[in-house]
Undergrad: 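Next up is a structure, given as structure tokens.
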Amino acid sequence: MKVLVTGVKGQLGYDVVRRLEKRGHETVGVDIEEMDITKEDEVSRVMKSAAPDAVIHCGAYTAVDRAEEEPEACRRVNADGTANIAAACAEMDCKLLYLSTDYIFSGEGERPWEPDDEPSPLNVYGQTKYEGEQAIKAKLDKYFIVRISWVFGINGNNFIKTMLRLGKENGAVKVVSDQIGSPTYTADLAELLADMIESEAYGQYHATNEGLCSWYEFAKEIFRAAGMNGVKVAPVSTGEFPAKAKRPLNSRMSKEKLTENGFRRLPSWQDAVARYIRELNLNQ
């Protein structure tokens, strides 16, 4: 199979290409230099030239707080850009896998969000990612929408790298303890996405590593796995940590649909953190 992957310079796109190539698929990795997804003509031209059987759309505007100040720039990428890709896929009869986010939900309550729950985004980023979902549904039948959260991977910046840096620099960190969700290791997720794109089990899914935690518990596990037990981790509330974009308190997402459709669930988030830190150490 020939697969075009957008956002190849990002954490997930990088690992998706690595995984697909290991499985023997032909991959075409693009980022903004090769295909500016906000330009419909450019998307059509590059897609027709590449002639993929499938697209895994990892590219996105992900600066959540900055999006509150420049909503139209965020919308051009996440909504309009995704619509351009969906239109090209429809024209070429090409399946599409789109990465979405827990931020499409309100973050209220404690029940895990189901894939078919009604979205109610709290911020511009979540709203534009939801608009991307809607664009795909309007144009395609052969699509996967996969919502993920708290992503970390080897290629790029993320919460784990930030914690390790702050722990070394300061010996202490403050981390919010009232937002609950699940971390997602891109190496594990890429395996699942490869399984999906090889299938025809289309629809909406949630995919994260197994288990729940707060950001505070996530940070404590990072330092434990890294052998940095001397770092002091202090819990704080979301209200004590002001940010331009409102964050969901409840990012629990049900992954039962993966099991129902025969997909392997991701390993526990603690296991993922340990493997990721080993990978970081090998790459230093």
Side-chain angles (χ1 to χ4, degrees), residues 1-35 37 46-47 49-60 62 85 89 92 94-101 142-161 182-203 205-211 225 255 257-259 261-284:
M1 187 189 300
K2 188 174 187 181
V3 186
L4 185 141
V5 180
T6 69
V8 72
K9 288 185 176 177
Q11 295 186 92
L12 182 57
Y14 176 79
D15 274 337
V16 166
V17 166
R18 287 202 302 179
R19 177 51 51 198
L20 290 171
E21 288 178 345
K22 279 184 181 175
R23 292 195 182 192
H25 296 298
E26 184 181 354
T27 62
V28 179
V30 297
D31 219 291
I32 189 169
E33 296 84 359
E34 295 82 20
M35 186 175 84
I37 66 172
V46 173
M47 289 269 291
S49 174
D53 303 298
V55 174
I56 299 182
H57 179 26
C58 302
T62 57
I85 291 171
C89 286
M92 299 169 65
C94 173
K95 63 173 93 168
L96 172 61
L97 193 160
Y98 171 62
L99 278 305
S100 191
T101 172
K142 298 196 299 187
Y143 67 81
F144 304 85
I145 291 171
V146 183
R147 300 184 187 122
I148 60 177
S149 62
W150 301 17
V151 176
F152 62 93
I154 203 70
N155 193 50
N157 294 316
N158 55 60
F159 181 74
I160 295 183
K161 288 182 178 179
S182 304
T184 310
Y185 183 18
T186 54
D188 293 339
L189 180 62
E191 192 81 47
L192 172 65
L193 300 184
D195 289 341
M196 281 189 170
I197 210 69
E198 290 171 354
S199 82
E200 294 180 357
Y202 302 117
Y205 294 88
H206 294 162
T208 67
N209 284 91
E210 289 295 301
K255 284 143 322 201
K257 191 171 177 182
L258 293 175
T259 304
N261 285 275
F263 293 118
R264 288 172 291 179
R265 304 264 280 259
L266 277 57
S268 76
W269 69 268
Q270 296 95 329
D271 177 71
V273 167
R275 285 182 287 114
Y276 176 67
I277 287 175
R278 284 199 296 272
E279 187 181 8
L280 279 180
N281 291 336
L282 285 172
N283 286 339
Q284 280 182 348

Undergrad: Evaluate side chain to side chain contact (heavy atoms under 4.5 Å, CB included) for Thr101 paired with Arg147, printing each intermediate quantity in order.
TA: CA-CA 4 Å; Thr101 172; Arg147 300 184 187 122; 5.9 Å; no

Undergrad: Near Asn157 CG, under 6.0 Å, is it more than 12 heavy atoms from other residues, nucleotides or ligands?
TA: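 Result for CG/Asn157: open.
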
Undergrad: With the threshold set at 4.0 Å, does a side-chain nitrogen-carboxylate oxygen contact exist between Lys9 and Glu33?
TA: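 Here Lys9 pairs with Glu33 in a salt bridge, since their nearest N and O are under 4.0 Å apart.
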
Undergrad: Do Leu266 and Thr208 make a side-chain contact, defined as non-hydrogen atoms from C-beta onward lying under 4.5 Å apart?
TA: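 Of all side-chain heavy-atom pairs linking Thr208 with Leu266, none is under 4.5 Å.
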
Undergrad: Using distance only, find each side-chain donor-acceptor pair of residues 189-197 under 3.5 Å and give its atom names and separation, not counting sequence neighbours.
TA:
from: Glu191; atom 1: OE1; to: Arg19; atom 2: NE; distance (Å): 3.1
from: Glu191; atom 1: OE2; to: Arg23; atom 2: NH2; distance (Å): 2.7
from: Asp195; atom 1: OD1; to: Arg23; atom 2: NH1; distance (Å): 2.8
from: Asp195; atom 1: OD1; to: Arg23; atom 2: NH2; distance (Å): 2.7
from: Asp195; atom 1: OD1; to: Arg264; atom 2: NH2; distance (Å): 3.4
from: Asp195; atom 1: OD2; to: Arg264; atom 2: NH2; distance (Å): 3.1

Undergrad: If you compare all heavy atoms of Ala225 against all heavy atoms of Ala274, which two are closest, and at what distance to 0.1 Å?
TA: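 Looking at all heavy atoms of both residues, the shortest contact is CB-CA, 4.4 Å.
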
Undergrad: Taking side chain as C-beta onward, heavy atoms only, is Val3 less than 4.5 Å from Glu26?
TA: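 Val3 vs Glu26: side chains apart.
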
Undergrad: Can you name the ring pair (Phe, Tyr, Trp, His ring centres under 6.0 Å) partners of Phe144, sequence neighbours left out?
TA: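 For Phe144 the ring pair (Phe, Tyr, Trp, His ring centres under 6.0 Å) partners, ignoring immediate neighbours, are Tyr202.
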
Undergrad: State whether the number of non-hydrogen atoms from other residues, nucleotides or ligands found under 6.0 Å of Lys22 atom NZ is greater than 12.
TA: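 Atom NZ in Lys22 is not packed in, count stays at 12 or less.
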
Undergrad: For residues Cys89 and Val55, report the shortest heavy-atom separation together with the two atoms involved.
TA: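 So the minimum-distance heavy-atom pair works out to SG-CG2, 3.8 Å.
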
Undergrad: Looking only at the side chains, is there a donor atom on one of Asn155 and Asp15 sitting less than 3.5 Å from an acceptor on the other?
TA: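 No - no donor-acceptor pair under 3.5 Å links their side chains.
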
Undergrad: Specify the closest pair of heavy atoms between Met47 and Pro52, including all atoms of both residues, with the distance to one decimal.
TA: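 In terms of heavy atoms, the two residues are closest at O-CD, 3.4 Å.
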
Undergrad: Can the ring centres of Tyr276 and Phe152 be said to be less than 6.0 Å apart?
TA: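 That pair passes the under 6.0 Å test.
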
Undergrad: Could you tell me whether the side chains of Ser268 and Glu210 share a donor-acceptor contact shorter than 3.5 Å?
TA: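 Judged by distance alone, the side chains do not pair up.
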
Undergrad: With Asn209, which of Asp188, Asp271, Thr184 fulfils side-chain hydrogen bond (donor to acceptor under 3.5 Å, both in side chains)?
TA: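 Looking at Asp188, Asp271, Thr184, the match for Asn209 under the side-chain hydrogen bond (donor to acceptor under 3.5 Å, both in side chains) is Asp188.
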
Undergrad: Is it true that a side-chain atom of Lys161 and a backbone atom of Ile154 form a donor plus acceptor pair closer than 3.5 Å?
TA: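 Between the backbone of Ile154 and the side chain of Lys161 there is a qualifying donor-acceptor contact (under 3.5 Å).
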
Undergrad: Could you tell me which non-hydrogen atom of Ser199 sits nearest to which non-hydrogen atom of Lys95, and how far apart they are?
TA: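 Result for this residue pair: O-NZ, 2.8 Å.
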
Undergrad: Under 3.5 Å, is there a donor-acceptor pair between the Gln11 and Tyr185 side chains?
TA: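 The answer is no; no qualifying pair exists.
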
Undergrad: Quick one: does Lys2's side chain have a donor or acceptor within less than 3.5 Å of a partner on Ala50's backbone?
TA: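 Answer holds: yes.
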
Undergrad: Checking Asn158 against Val151 for the side chain to side chain contact (heavy atoms under 4.5 Å, CB included) test, could you report, in this order, the C-alpha distance in whole Å, the side-chain angles of both residues, the deciding distance, and whether it holds?
TA: CA-CA 7 Å; Asn158 55 60; Val151 176; over 6 Å; no

Undergrad: When rounded to the nearest 0.5 angstrom, what is the spacing between CD1 in Ile277 and CG in Leu282?
TA: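 Rounded to the nearest 0.5 Å, the CD1-CG separation comes out at 12.5 Å.
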
Undergrad: Taking all non-hydrogen atoms of both residues, which atom of Ser182 and which atom of Lys255 are closest, and how far apart?
TA: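 Heavy-atom minimum between the residues: OG-NZ, 3.9 Å.
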
Undergrad: Here's a test for you: under side chain to side chain contact (heavy atoms under 4.5 Å, CB included), which of Thr6, Leu99, Leu4 qualifies with Ile56?
TA: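 Answer to the side chain to side chain contact (heavy atoms under 4.5 Å, CB included) test with Ile56 among Thr6, Leu99, Leu4: Leu99.
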
Undergrad: Rounded to the nearest 0.5 Å, how far apart are NE2 of His57 and OG of Ser100?
TA: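 The OG atom of Ser100 is 10.0 Å from NE2 of His57, to the nearest 0.5 Å.
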
Undergrad: Would you check if Val5 and Cys58 make a side-chain contact, meaning some heavy-atom pair closer than 4.5 Å?
TA: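 SC-SC contact between Val5 and Cys58 confirmed.
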
Undergrad: If you take all heavy atoms of Glu279 and Arg18, which pair is closest and at what distance?
TA: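 So the two residues come closest at OE2-NH2, 3.3 Å.
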
